[in-house]
Amino acid sequence: QVQLVESGGGLVQAGGSLRLSCVVSGRIFSSYGMAWFRQAPGKEREFVAAVSWSGGRSATADSVKGRFTISKDNAKSTVYLQMNSLKPEDTAVYYCAASNYYSDIIKPRTYDYWGQGTQVTVSS
């Protein structure tokens with residue numbers, strides 16, 4: 001079993017930055033894929049970024065490319081999402097997710113484990 005705990009959300013003005021953290025506990029395999037999704041009120045859950053636990057592969061949604069960066073620290077069992085140049089449309093609950101394999105990474109149904117989410121609100 002894998003547990004994911006997100007932190008780092010909050011209220012920020014447009015143009016500001018936040019860094020989200022996802023602490024991963026439990027048995028983790030090198031094949032795992034880790035991702036961030038977000039969900040705004042009344043909208044479907046949306047892929048933001050993903051990274052392979054073994055390293056070497058990552059992907060970012062076009063909507064955040066150039067502004068958001070996913071990274072990980074295996075020694076700390078933590079995945080990060082650095083968010084810069086935030087916009088009001090980035091407002092959402094952000095979720096950390098883990099899957100047994102790094103494949104079909106943009107689909108929520110791929111992921112077996114989810115965190116509880118952290119709220120990010122960007123004011124204009």
Side-chain angles (χ1 to χ4, degrees):
Q1 192 73 3
V2 173
Q3 293 81 40
L4 309 173
V5 179
E6 304 101 330
S7 62
L11 174 64
V12 64
Q13 289 188 334
S17 298
L18 283 174
R19 188 177 79 158
L20 305 183
S21 299
C22 172
V23 177
V24 186
S25 60
R27 190 165 186 180
I28 306 166
F29 295 96
S30 60
S31 62
Y32 271 34
M34 304 298 301
W36 288 96
F37 284 78
R38 67 185 182 185
Q39 189 165 20
K43 294 188 176 182
E44 293 185 352
R45 195 162 293 192
E46 175 190 20
F47 170 78
V48 176
V51 65
S52 59
W53 190 257
S54 61
R57 291 186 290 176
S58 66
T60 307
D62 288 343
S63 58
V64 303
K65 195 165 291 183
R67 300 188 297 123
F68 291 11
T69 303
I70 190 170
S71 63
K72 62 181 179 64
D73 184 335
N74 287 31
K76 296 182 178 179
S77 296
T78 302
V79 180
Y80 302 100
L81 184 68
Q82 178 67 44
M83 305 186 295
N84 299 327
S85 303
L86 282 160
K87 304 176 182 180
E89 51 263 43
D90 294 319
T91 295
V93 177
Y94 283 70
Y95 297 92
C96 180
S99 67
N100 291 327
Y101 300 98
Y102 186 82
S103 64
D104 287 336
I105 59 174
I106 69 171
K107 300 177 182 177
R109 65 183 185 190
T110 294
Y111 296 85
D112 305 289
Y113 309 100
W114 292 87
Q116 81 287 352
T118 184
Q119 176 71 47
V120 172
T121 303
V122 184
S123 63
S124 57

Item to check | Polar side-chain atom of Gln82 near backbone of Phe68 as donor-acceptor pair, under 3.5 Å | outcome: no
Checklist entry - Mind checking whether Leu4 and Val2 have side chains closer than 4.5 Å, heavy atoms only? => result yes
Item to check | Gap between atom OG1 of Thr78 and atom CE of Met34 - 0.5 Å precision | outcome: 9.5 Å
Next on the checklist: Show me the pairs that pass disulfide (SG to SG under 2.5 Å) and involve residues 12-98, at least two apart or across chains.
Outcome noted: Cys22-Cys96
Checklist entry - Would you say Leu20 and Val12 are hydrophobically clustered, going by side-chain heavy atoms of ILVMFWY under 4.5 Å? => result yes
Checklist entry - Rounded to the nearest 0.5 Å, what separation is found between the CD atom of Gln1 and the CG atom of Asp112? => result 9.5 Å
Next on the checklist: Quick check against the 3.5 Å criterion: does Ser21 have a side-chain atom that pairs as donor or acceptor with the backbone of Ser7?
Outcome noted: no
Item to check | Min side-chain heavy-atom separation Leu18-Leu86 under 4.5 Å | outcome: yes
Next on the checklist: Can you confirm whether Leu11 is buried at CG, in the sense that more than 12 heavy atoms of other residues, nucleotides or ligands lie under 6.0 Å from that atom?
Outcome noted: yes
Checklist entry - Just by distance, do the side chain of Thr110 and the backbone of Pro108 share a donor-acceptor pair under 3.5 Å? => result no
Item to check | Mutual orientation of the aromatic rings belonging to Tyr113 and Tyr32 [parallel < 30°, tilted 30-60°, perpendicular > 60°] | outcome: parallel
Checklist entry - Can you tell if the side chain of Glu46 reaches within under 4.5 Å of the side chain of Gln39, non-hydrogen atoms only? => result no
Checklist outcome for this item: Sorted by chain and residue number, the salt bridge (charged side-chain N to carboxylate O under 4.0 Å, His left out) partners of Asp62 (sequence neighbours excluded) come out as Lys65
Checklist entry - Taking atom types as modelled and ignoring hydrogens, do the side chains of Ser17 and Asn84 form a donor-acceptor contact shorter than 3.5 angstrom? => result yes
Checklist entry - Quick one: does Asp73's side chain have a donor or acceptor within less than 3.5 Å of a partner on Lys76's backbone? => result yes
Next on the checklist: Using 0.5 Å steps for rounding, measure from the CZ atom of Arg38 to the CZ atom of Phe47.
Outcome noted: 11.0 Å
Checklist entry - Going through the checks in order, is the side chain to side chain contact (heavy atoms under 4.5 Å, CB included) test met by Val51 and Arg57? => result CA-CA 6 Å; Val51 65; Arg57 291 186 290 176; over 6 Å; no
Checklist entry - Does Gln116 CD have over 12 foreign heavy atoms under 6.0 Å away? => result yes
Next on the checklist: Can you tell me how far apart CH2 (Trp36) and OH (Tyr94) are? Round to the nearest 0.5 Å.
Outcome noted: 10.0 Å
Checklist outcome for this item: Of all heavy-atom pairs linking Ala14 and Ser124, the shortest is CB-CA, 4.4 Å
Checklist entry - Just wondering, do Thr91 and Val120 contact through their side chains at under 4.5 Å, heavy atoms? => result no
Checklist entry - Is any NZ, NE, NH1 or NH2 atom of the basic residue among Arg67 and Asp90 found under 4.0 Å from an Asp or Glu carboxylate oxygen of the other? => result yes
Checklist entry - Hey, are the side chains of Thr69 and Tyr80 touching, using non-hydrogen atoms and a 4.5 Å cut-off? => result no
Item to check | Ile105 backbone acceptor or donor facing Tyr111 side chain under 3.5 Å | outcome: yes
Checklist outcome for this item: Minimal heavy-atom distance between Ala92 and Ala40, with the atoms involved, is CB-N, 3.8 Å
Checklist entry - So how far is it from Leu81 CG to Phe37 CZ, rounded to the nearest 0.5 Å? => result 12.0 Å
Checklist entry - With a 4.5 Å heavy-atom cut-off, do Val24 and Gln3 have their side chains touching? => result no
Item to check | Heavy-atom donor-acceptor pair, Ser85 side chain to Gly15 backbone, under 3.5 Å | outcome: no
Checklist entry - Considering only heavy atoms from C-beta outward, does the side chain of Glu6 approach that of Trp114 to under 4.5 Å? => result no
Next on the checklist: Can you tell me how far apart NZ (Lys107) and OG (Ser99) are? Round to the nearest 0.5 Å.
Outcome noted: 12.5 Å
